[in-house]
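Down below is the structure, laid out as structure tokens.
Predicted model only: the values in this text are computed from it and were never measured. We name chains A, B, ... by the order of the sequence lines, and we start the count at 1 in each one.
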Protein chains: 2
Amino acid sequence: MKSYSLAEMKDKYIGKTGTKNRDEYEYELRMDVLGRMIKTARQERNLTQEQLGELVGVQKSQISKLESSANSATIDTILKVFKALKADIHFNVTLEKKHLRLA
Amino acid sequence: MKSYSLAEMKDKYIGKTGTKNRDEYEYELRMDVLGRMIKTARQERNLTQEQLGELVGVQKSQISKLESSANSATIDTILKVFKALKADIHFNVTLEKKHLRLA
DNA sequence: GAACAAGTTTCTATATTTGGAAACAGCTAT
DNA sequence: ATAGCTGTTTCCAAATATAGAAACTTGTTC
């Protein structure tokens, strides 16, 4: 299995819990984190940006932009990329049980 | 705690695991699921669309559009809304440990 | 039924993302 | 140093999201 630098993403990365059949990564949802997720998954697949671009159906420049989080990608785009990577994505929403103060 | 219909979202909803201090929701990431997540969290907070709009800084019509998933929202927008709801979000990415066949 | 509250839809304008193409930078190996 | 591979950046066009305003629907209450 290809290795990659965890140190590079230490401030965003939350945890990794592999099993026999899959690797799992959990991230805090921030704007600049999606790109790291895509990059990590792509490298885990041993793909170049150009190869991933072929799978997704876009140019490598677009993959580069997505990985660098130059812009705020749409859910549509994110789904397309992870689908091409055959990666499952889940959202986890946590609501603190305290009242919100209205303005 | 305000109740809400689980049946309404049965095909998208994956699980709920509450604790003493918080409610947790987990979803499969699909385009049409973000709206349901926002709606559920908003109702959990007992907010109207107009009130949430005030917290976020947009009109209630914009909240309605986001909840109905009329468009593919950007991460930027999604973050703003959940931040206003004081909700934590995590992404969970799972990679199957099998080779991808390149085209 | 009039008034109100909550949510939806339509219209419009603006901002941003998407995407391709090509040039560019960094690195490696011959 | 040249060629090749990988990734980045810039420029540009087209598609789409964001956003407000107002009209509209639905349900509720007086």
Calculate the interatomic distance between A:E54 atom CD and C:dG19 atom P; express it in whole Å.
16 Å
Pairwise side-chain contact, A:M37 with B:F91, heavy-atom cut-off 4.5 Å (strictly under)
yes
Between A:S61 and A:S64, do the side chains contain a donor N or O and an acceptor N or O under 3.5 Å apart?
no
End-to-end axis angle, where each axis spans five pairs of the helix from C:dG1-D:dC30 to C:dT30-D:dA1, to 10°
30°
Within-4.5 Å side-chain heavy-atom neighbours: B:I75 and A:I75:
yes
Rounded to whole angstroms, how far apart are NZ on A:K80 and C1' on D:dA15?
11 Å
How close or far is atom C1' of D:dC5 from atom CG of A:N46, stated in whole angstroms?
15 Å
To the nearest Å, how far apart are A:L66 CG and C:dT18 C1'?
9 Å
Atom CD1 of B:I38 to atom C1' of D:dT18: distance rounded to whole Å?
13 Å
Looking at B:E67 and B:R42, is any side-chain nitrogen of the basic one under 4.0 Å from a carboxylate oxygen of the acidic one?
yes
Please classify the nucleic acid contact of B:A73 as base, sugar-phosphate, or nothing, using heavy-atom distances under 4.0 Å.
sugar-phosphate
Here the distance between atom P of D:dT16 and atom CD1 of A:I75, to the nearest Å, is 17 Å
With sugar-phosphate meaning primed atoms plus P, OP1 and OP2, does B:G53 contact a base, only sugar-phosphate, or nothing at under 4.0 Å between heavy atoms?
nothing
Between B:Q59 (CD) and C:dT12 (C1'), how many Å, whole number?
14 Å
Non-hydrogen side-chain atoms of B:R45 and B:K86 separated by less than 4.5 Å:
yes
Whole-Å distance, A:L47 CG to D:dT6 C1', equals 13 Å
Polar pairs (N or O, both sides) under 3.5 Å between protein and nucleotides 8-10 of chain C?
{"unit_1": "C:dT8", "atom_1": "OP2", "unit_2": "B:Q49", "atom_2": "OE1", "d": "3.4"}
{"unit_1": "C:dT8", "atom_1": "OP2", "unit_2": "B:Q49", "atom_2": "NE2", "d": "2.6"}
{"unit_1": "C:dT8", "atom_1": "OP2", "unit_2": "B:S64", "atom_2": "OG", "d": "2.8"}
{"unit_1": "C:dT8", "atom_1": "O5'", "unit_2": "B:S64", "atom_2": "OG", "d": "3.4"}

Answer yes or no: is there a donor N or O on one side and an acceptor on the other, between the side chain of B:Q62 and the main chain of B:Q59, under 3.5 Å?
no
First of B:A70 and B:G57 reached from the 5' end of DNA chain D, by closest nucleotide:
B:A70
Quick one, A:T74 and A:I78 - any side-chain contact, counting heavy atoms below 4.5 Å?
no
So A:F82 and A:D88, do their side chains get closer than 4.5 Å, heavy atoms only?
no
Would you say D:dT18 has OP1 or OP2 under 4.0 Å from some side-chain N or O of B:T77?
yes
With A:V81 as reference, evaluate A:L66, A:I89, A:L55 under the side chain to side chain contact (heavy atoms under 4.5 Å, CB included) test and give the passing residue.
A:L66
